[in-house]
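Each ligand, and each atom within it, is numbered from 1 in the order the structure gives. Note that the structure is a prediction, hence the values are computed from the model and not measured.
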Amino acid sequence: MPMRQPFLSLKLGPLKLAGMIAVTYAGFTLAAMFIASYVVTNMATSKLQMTELELWKGIAFVVSTAGVVFYLSFVFLHWLSEREKELSSHRQALIRSEQRGMAGLLASAVAHNLKNQLCVLIETVEELNRTHMFAEEVQRLHEQVDSIYQMVQELQQIGRERQGEPASVFDFSRVVKESVRMGRLHPKVRACEVTVDTPQQLLCRGYPAWIRQMLFNFLLNAAEAMGGRGSVRVSLREDEDGIWLTVSDTGPGVPHDEVPNLFQPFFTTKEWGTGLGLFSIRAAAEAHGGRVSYRPGPLGGAEFQVWFPPRMREGAALHRPNGFTEPPPTGSHP
Ligand code: ADP
């Protein structure tokens, strides 16, 4: 509970406040001196008794003024430290908001350039599609290009979100299952056993392409940590505190002393690593107002968990998510 500061809450300037304290002090001490001298003169019956009483008067004066000095300096120092804490938290908030502004600007600029290049790529895939050769491969290429295109659009949207444009409505469960399906195609993940556990449907408001990238990064990291063989468990659940996306693996986990660096940009223990995978996961979580954390998992390896706030669900259930071209999936499945 914050301490009450009777003097400081008067909101006087420093000069007036110091003057007021000095005048109050002088008033009290003069009054105390006069009263004490009067009492001593009237009580003392001998010179010796008077000297003794004067000594006790002096001691009482020193003790009481020390008490007052202690109280005033405590109030003042306490107030100073509270102000310092308040200022430092404002400073941090300002830095964070500036960083977000810069990140949004950068995201929009990168997205703009990527989109131009992607248009050419999409046109080429369309051309291939028309030849009806390698139908399955072309379809896969199509899905990947679509996913990248959507990601780029959402990257731009994150910048615009600051100006009030809302994120899109999507089925989180479906995005998780689709991402795992795509992730399994990666050569490093192919030999791993990946299980998925999600609710039947979970309509949310957010940036599905970023969630796909998030899962892709988690899967790839797990597969790399396990040397391409082992098990990964992906689970999605919702409770009153929010939505929880958890990825656990049977790899070696993260050494204790490396944990604090995990989500810092460019932190990597791999020879050819970029150290941007977990950092981008953190950025994606924060773009949704969420958080990502690490802990040793129940499968003996790493466990990463992303928490999304309950407000991601707000208004989403009233909408039909984008791209609902097939019937909704039926229940949790491995
Ligand atoms: P990169 O994969 O390029 O190294 P990341 O940011 O994705 O970058 O990962 C940073 C580091 O975190 C990795 O180099 C690795 O040491 C550690 N890490 C990430 N995921 C796992 C995991 N599932 N198991 C063990 N270590 C992991």
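Side-chain contact annotation: Ser231 with Glu193, donor-acceptor N/O pair under 3.5 Å present. Using a 3.5 Å distance cut-off with no hydrogens or angles, the side chains of Gln305 and Thr246 do pair a donor with an acceptor.
With distances taken over non-hydrogen atoms, the option nearest atom 27 (C) of ligand 1 out of Thr268, Val254, Val247 is Val254. When Thr274, Thr250, Thr269, Leu219 are checked for heavy-atom proximity to atom 14 (O) of ligand 1, Thr269 turns out nearest. The closest non-hydrogen atom to atom 24 (N) of ligand 1, taken over Pro265, Ser248, Ala223, Ala225, comes from Ala225.
Proximity of a side-chain donor or acceptor of Arg313 to a complementary backbone N or O of Leu203 within less than 3.5 Å is detected.
Ion pairing between Glu52 and Lys47 fails under the 4.0 Å rule for side-chain N and carboxylate O.
Against a heavy-atom cut-off of under 4.0 Å, Ala222 is close to the following atoms of ligand 1: 23 (N). Distances below 4.0 Å separate heavy atoms of Leu262 from the following atoms of ligand 1: 12 (O), 17 (C).
At the shortest separation from atom 7 (O) of ligand 1 among protein heavy atoms lies Asn221 ND2, 2.8 Å. Considering only non-hydrogen protein atoms, atom 6 (O) of ligand 1 sits nearest to Leu278 N, 2.8 Å.
Around CZ of Arg229, the count of heavy atoms belonging to other residues, nucleotides or ligands within 6.0 Å does not exceed 12.
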